[in-house]
Protein chains: 2
Amino acid sequence: MTGQLPPRDFDSLRAAIVEMRATLPKRLMQVASYALERPDDMAFGTTASIAQAAEVQPSTLVRFAQHFGFDGFSGLQQLFRERLKERNGSYEDRLRHLESGGTAETEGVAILNGFLAAGHDSLSTLANTIDADALERAITILARAQTIYLVARRRSFPIVTYMAYAFGKLKVPCRVVSTSIGNEDDLLAQATAADAAFAVSFSPYAAESAAQAQALSERGVAVVGLTDSALSPLAASTAVWFELVEADHAGFRSLSASMAFAMALTVGVAERRRQA
Amino acid sequence: MTGQLPPRDFDSLRAAIVEMRATLPKRLMQVASYALERPDDMAFGTTASIAQAAEVQPSTLVRFAQHFGFDGFSGLQQLFRERLKERNGSYEDRLRHLESGGTAETEGVAILNGFLAAGHDSLSTLANTIDADALERAITILARAQTIYLVARRRSFPIVTYMAYAFGKLKVPCRVVSTSIGNEDDLLAQATAADAAFAVSFSPYAAESAAQAQALSERGVAVVGLTDSALSPLAASTAVWFELVEADHAGFRSLSASMAFAMALTVGVAERRRQA
DNA sequence: CCAAAAATAGAATGAGCATTCCATGAGGAT
DNA sequence: ATCCTCATGGAATGCTCATTCTATTTTTGG
């Protein structure tokens with residue numbers, strides 16, 4: 001490709017990269033990923049700083065640029081700079097475009113916008129209602145635990161699935177109390193007062209989740225709860241619980257705020273354990 | 001002014017310039033005018049190029065910067081660069097606002113606010129980048145399917161878990177291609193051209209997801225993809241794919257926007273099927 | 001399994017950069 | 001009028017940058 005004309009703008013470059021995806025050598029691919037992932041940094045950085053961030057050699061950046069027909073890295077970087085400038089200039093344009101486009105909105109986009117609006121609402125509500133003390137206590141409880149038991153069903157299940165994934169990455173021992181073998185009770189029987197649990201249950205409440213939270217609580221295992229109402233059966237048997245109401249769109253709720261909360265709790269716990 | 005602290009952001013600088021308007025020497029005034037008039041060029045230019053454009057000496061630019069408390073021109077230029085970045089996404093803006101406003105903020109709340117800001121940002125980005133046509137096509141493909149196969153691993157797994165739950169409620173036949181029995185291939189072997197699949201894969205991409213999406217695609221099953229980069233191995237074997245980049249907080253990403261998108265797609269498909 | 005080709009890492013290089021320095025010029029006070 | 005102060009122009013400087021070069025590793029093709 002070296003002999004050809006270089007892409008004229010950022011979108012062309014993007015297209016060229018996508019097209020060559022299959023044939024691009026390893027390191028050049030690394031640069032390509034970084035370039036598309038963090039275009040702002042590409043615009044401002046130097047070969048040295050970008051190379052370090054992308055974990056390649058500075059010379060690789062030059063080879064990458066030449067691979068796409070540029071003289072050197074500088075020519076490539078110009079594309080990223082112009083992109084930033086243009087984004088700025090046409091900012092109002094884009095807003096207007098969104099507004100006008102809003103009239104000819106397809107049904108799919110209308111639904112998506114509904115969920116996006118609901119997501120914003122949920123996140124804002126959570127920001128305003130969060131109890132800082134409760135959050136600290138919850139982090140303390142979970143950070144102290146030997147093993148964290150994660151209890152959830154149905155709609156709440158994805159939340160603990162994600163937490164389990166993140167905890168795993170962070171080397172925090174946890175177990176999802178799940179049911180494909182049907183040995184949940186055996187699993188829970190292993191929990192001791194040195195452990196802790198995190199239980200999630202949204203309306204309509206799954207009876208098992210509440211029952212398991214209660215069982216754990218009675219055996220001296222501290223339970224942190226996440227639910228959507230003070231009347232939730234979960235609230236009764238938790239040491240700390242949080243109320244989180246996801247805004248709904250047309251009767252359906254997404255998990256936008258719950259996921260943000262779950263990640264905050266997960267990272268908070270890992271951070272606390274790291275400090276200790 | 002030379003001894004004082006430099007302005008922290010572009011607006012502060014602007015205010016400082018306006019305030020000193022009367023007492024600023026002639027050449028420094030010239031620089032000030034140029035800086036406010038063409039901030040983009042200030043962000044990208046070199047002392048030489050800017051000096052020429054503003055019709056002053058390079059050293060005047062340095063003196064100008066020092067006059068406002070910076071070490072040199074580079075520190076001043078940083079303000080103009082950050083201004084350009086922030087215009088694009090208000091994420092960092094908001095984070096800094098949260099930082100400055102939250103005086104007695106506990107660590108847990110700080111982390112949560114980070115994820116909330118990231119969530120808002122992700123949702124906004126999704127709203128701005130969604131391709132309405134692609135969404136309609138995806139809904140059409142999935143609505144026509146006899147059975148929808150859901151492919152995802154690791155971080156993406158909670159998304160399809162939730163979709164499976166919601167599809168179940170909505171009486172749309174679907175199957176999560178998951179692995180506790182290890183019969184994934186047998187499961188996929190049942191898929192025909194009358195079916196369709198939805199595959200999710202975020203970096204770092206799980207090889208199995210991409211492979212399964214490709215296998216399905218090769219057998220005539222239309223695949224709708226959700227990923228975070230045009231370079232994702234998933235993009236190669238999909239009939240329609242969406243790029244969704246979750247903003248991160250301290251290197252961790254939540255699934256706020258992904259969940260909103262998943263629900264929009266789910267409800268959109270159910271709605272389309274109801275109409276047909 | 002080997003040879004040829006391509007890709008890569010890392011040091012070397014030269015150009016261009018921000019910055020400093022100093023001589024000169026302008027303006028105001030005594 | 002003469003000094004003093006501060007702004008200015010422009011050359012000098014040292015440093016960082018993008019780029020090139022070469023030895024080595026990895027990949028490709030017979």
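Worth saying up front: this structure is predicted, and the values here are computed from it rather than measured. So that the names make sense, note that chain A is the first sequence line, chain B the second, and so on, each numbered from 1.
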From C:dC17, C:dT19, D:dT19, pick the nucleotide closest to the side chain of B:Ser74? C:dT19
I'd like to know if the side chain of B:Asp9 pairs up with that of B:Ser12 as donor and acceptor (distance under 3.5 Å, no hydrogens or angles considered). yes
Euclidean distance, atom CZ of residue A:Phe44 to atom C1' of D:dT16 [Å, nearest integer]: 19 Å
Atom pair distance, as rounded to whole Å: NE2 in A:His67 and P in C:dA7: 7 Å
Whole angstroms only, please: what is the CZ-C1' distance between B:Phe70 and C:dT19? 16 Å
Tell me: CZ of A:Phe73 to C1' of D:dC17, nearest whole Å? 11 Å
Show me the donor-acceptor pairs within less than 3.5 Å that the side chains of residues 51-59 of chain B make with the rest of the protein, sequence neighbours left out.
none

Side chains of A:Arg63 and A:Gln66: do they bring a donor and an acceptor to under 3.5 Å? no
Measure CE/B:Met20 against P/D:dA7 and give the value in whole Å, please. 10 Å
How about B:Thr140 and B:Arg137: does a side-chain donor come under 3.5 Å of a side-chain acceptor? no
Shortest side-chain distance from A:Gln66, nucleotide among D:dT8, D:dT20, C:dT8: D:dT20
Identify the two heavy atoms, one from B:Ala193 and one from B:Val221, that lie closest to each other, and give their separation to 0.1 Å. N-CG2, 4.5 Å
Could you check how far CD of A:Gln30 sits from C1' of C:dA9, rounded to whole Å? 13 Å
Atom pair distance, as rounded to whole Å: NZ in A:Lys26 and C1' in C:dT8: 10 Å
Atom CD1 of B:Ile50 and atom P of C:dT19: how far apart are they, to the nearest Å? 11 Å
Does anything in residues 53-63 of chain B reach DNA chain D, meaning a heavy atom under 4.0 Å, and if so which residues? B:Gln57, B:Ser59, B:Thr60, B:Arg63
Ring pair (Phe, Tyr, Trp, His ring centres under 6.0 Å) contacts touching residues 199-221 of chain B (sequence neighbours left out): none
